[in-house]
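Take a look at the structure below.
Reminder, nothing fancy here: chain letters follow the sequence lines and each chain counts from 1. Both backbone and side-chain heavy atoms feed into the values below; hydrogens, waters and symmetry mates do not.
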Amino acid sequence: MDVADKATLPRYRMTTTAELYTPNMEQTLSMDGKIMTPLMKHENIYSQPGIGHHGGSMLDEISSMPIPAVAPDHACSMLTSHAQMYASYSQHSSVMCSPSSAIHQHELDCDPRELEAFAERFKQRRIKLGVTQADVGKALGNLKLPGVGSLSQSTICRFESLTLSHNNMIALKPVLAAWLDEAERQAHAHHAEVFNTVTDKKRKRTSIAAPEKRSLEAYFAVQPRPSGEKIAQIADKLDLKKNVVRVWFCNQRQKQKRMKFSANMMPHHH
DNA sequence: CGTATGCAAATAAGG
DNA sequence: GCCTTATTTGCATAC
C-alpha cells in the first residue's frame, strides 16, 4: 500500500542529451538533424583500455569527509550534476582560487582525455589499495556526500572502462575522486573507519520472474496503457508492487516504440 | 573469485 | 499523480 522501497534520496541529475564519449569527438549520425531518438541508445563506448585484474580483497570502509563546498560551476556543457559539486580532488586547494582557475578546472573535468586518464589512474590505485569494484561501490555510500549513495560493481566497472556516457562519467568522477582520496588517507593512517550506518542505499532493481513477465506481456498485448485501477489489479494478481507494474508498462511502451522505429528504417526491410 | 555485459528496471525532467 | 523521453544503474550471468 505504499511505496515501500522508496527510500532513495535524490540522486544525481545530469541528464540532457547524451553525448558520445569519444576522445576524438566523432559526430556520427548526423542524419537530417533531428531524428536521433531512442534508437541508437547506447552512446559512447570507445571502450576498453586494458584488462588486468588482480585479486586483492580486504575491505576498508571509507567514510565521512569534510564537505568541500567547491562551488562555481560554469557548465562547460550542459549538466546540472550535483555530485559534480562535491569534489575533493587529490590536491585540494586549487578549488577556490580564482574564477579563471575554477573555470579551467571545470574544462579539465570535461575533457575526455582527462577523464580517460583519471579512470585509468583510479583503477590502478584502487587495485593498489587492494579493493574490489564492489567494495568501492559499497563504500561510496559511507562516504557522505549529499545525494551520493552506493553504487553497484557494474557501475564502477563501467566507469573504469569508460563505458558510461560522457555526462555520467563527469558526474561520477568527483565522487570517485573523493573516495579515492579518503581511501588513501585512511590506508595511510591505518584506520579503516566505519562511522555511520546512514549509508545512503543504492538503487534497487526488482527482478520480475519469467512467469510474471509473460503475464504482463499478455496484458500489454491487449491493453498497452491500462488505467491506474487496472494496473493495481494486475499488480495484485501477480503479487508485484503497483509501481513496479506501472513502470513496467512505461518501459514496455518505450521498448515497443523503439522496435517499431528501428524496424521501420532498417535498410533491410523488404 | 573478481570483472565484464546484456537486458531492462528505476529515475530525472518537462508536460 | 501519471505520461513520455532520455538516461542512469543494477541484477544475473557469462568470462
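Results of the side chain to side chain donor-acceptor pair (under 3.5 Å) test with A:Gln153 over A:Arg158, A:Lys138, A:Gln133 single out A:Gln133 as the only residue that passes.
Here the nucleotide nearest the side chain of A:Cys157, chosen from C:dC11, C:dC3, B:dA4, is B:dA4. Counting only heavy atoms from C-beta on, A:Lys123 has its side chain closest to B:dA4 among B:dA4, C:dA12, C:dT5. When distances are taken from the side chain of A:Cys250 to each of C:dG10, B:dT11, C:dT4, the shortest belongs to C:dT4. Nearest to the side-chain atoms of A:Arg203 among the listed nucleotides C:dC2, C:dT4, B:dA10 stands B:dA10. Checked against B:dA4, B:dG2, B:dA9, the side chain of A:Gln153 finds its nearest nucleotide in B:dA4. Side chain of A:Ser154, nearest nucleotide from C:dT8, B:dA8, B:dT5: B:dT5. Nearest nucleotide to the A:Ile208 side chain, out of B:dA9, C:dG10, C:dC2: B:dA9. The side chain of A:Leu151 approaches C:dG10 more closely than any other nucleotide in the set C:dC3, C:dG10, B:dT3. Of the candidates B:dT11, C:dT9, B:dA4, the closest approach to any side-chain atom of A:Glu160 belongs to B:dA4.
Distance A:Leu140 CG to C:dG10 C1': 14 Å, rounded to the nearest Å. Regarding A:Phe249, its CZ atom lies at a distance of 15 Å from the P atom of B:dA8, rounded to whole Å. Atom pair A:Lys204:NZ and C:dT8:P shows a separation of 22 Å (rounding to whole Å applied). Here the P atom of nucleotide B:dC7 and the CZ atom of A:Arg258 are 11 Å apart, to the nearest Å. When rounded to the nearest whole Å, the span between CG of A:Leu162 and C1' of B:dA4 equals 14 Å. Regarding A:Arg205, its CZ atom lies at a distance of 6 Å from the P atom of B:dA9, rounded to whole Å. In this structure, A:Met169 places its CE atom 12 Å from P of C:dT8, rounding to the nearest Å. A straight line from CD1 of A:Ile127 to P of B:dT3 spans 7 Å, rounded to a whole angstrom.
With the nearest nucleotide of DNA chain C identified for both A:Arg246 and A:Asn251, A:Arg246 has the one nearer the 5' end.
Considering all non-hydrogen atoms of both residues, A:Glu160 and A:Ala119 come closest at O-CB, 4.0 Å.
Within 4.0 Å of A:Arg158, counting heavy atoms only, lies at least one base atom of the nucleic acid. Among the atoms of the strands shown, only primed sugar atoms or phosphate atoms (P, OP1, OP2) are found under 4.0 Å from some heavy atom of A:Ser207.
Partners of A:Ser152 under the side-chain hydrogen bond (donor to acceptor under 3.5 Å, both in side chains) rule, at least two apart in sequence or in another chain, are A:Thr155.
Under a cut-off of 6.0 angstrom, the local environment of CD in A:Gln124 is sparse, with at most 12 non-hydrogen atoms contributed by other residues, nucleotides or ligands.
Using a 4.0 Å cut-off between charged nitrogen and carboxylate oxygen, A:Glu182 and A:Arg185 count as a salt-bridge pair.
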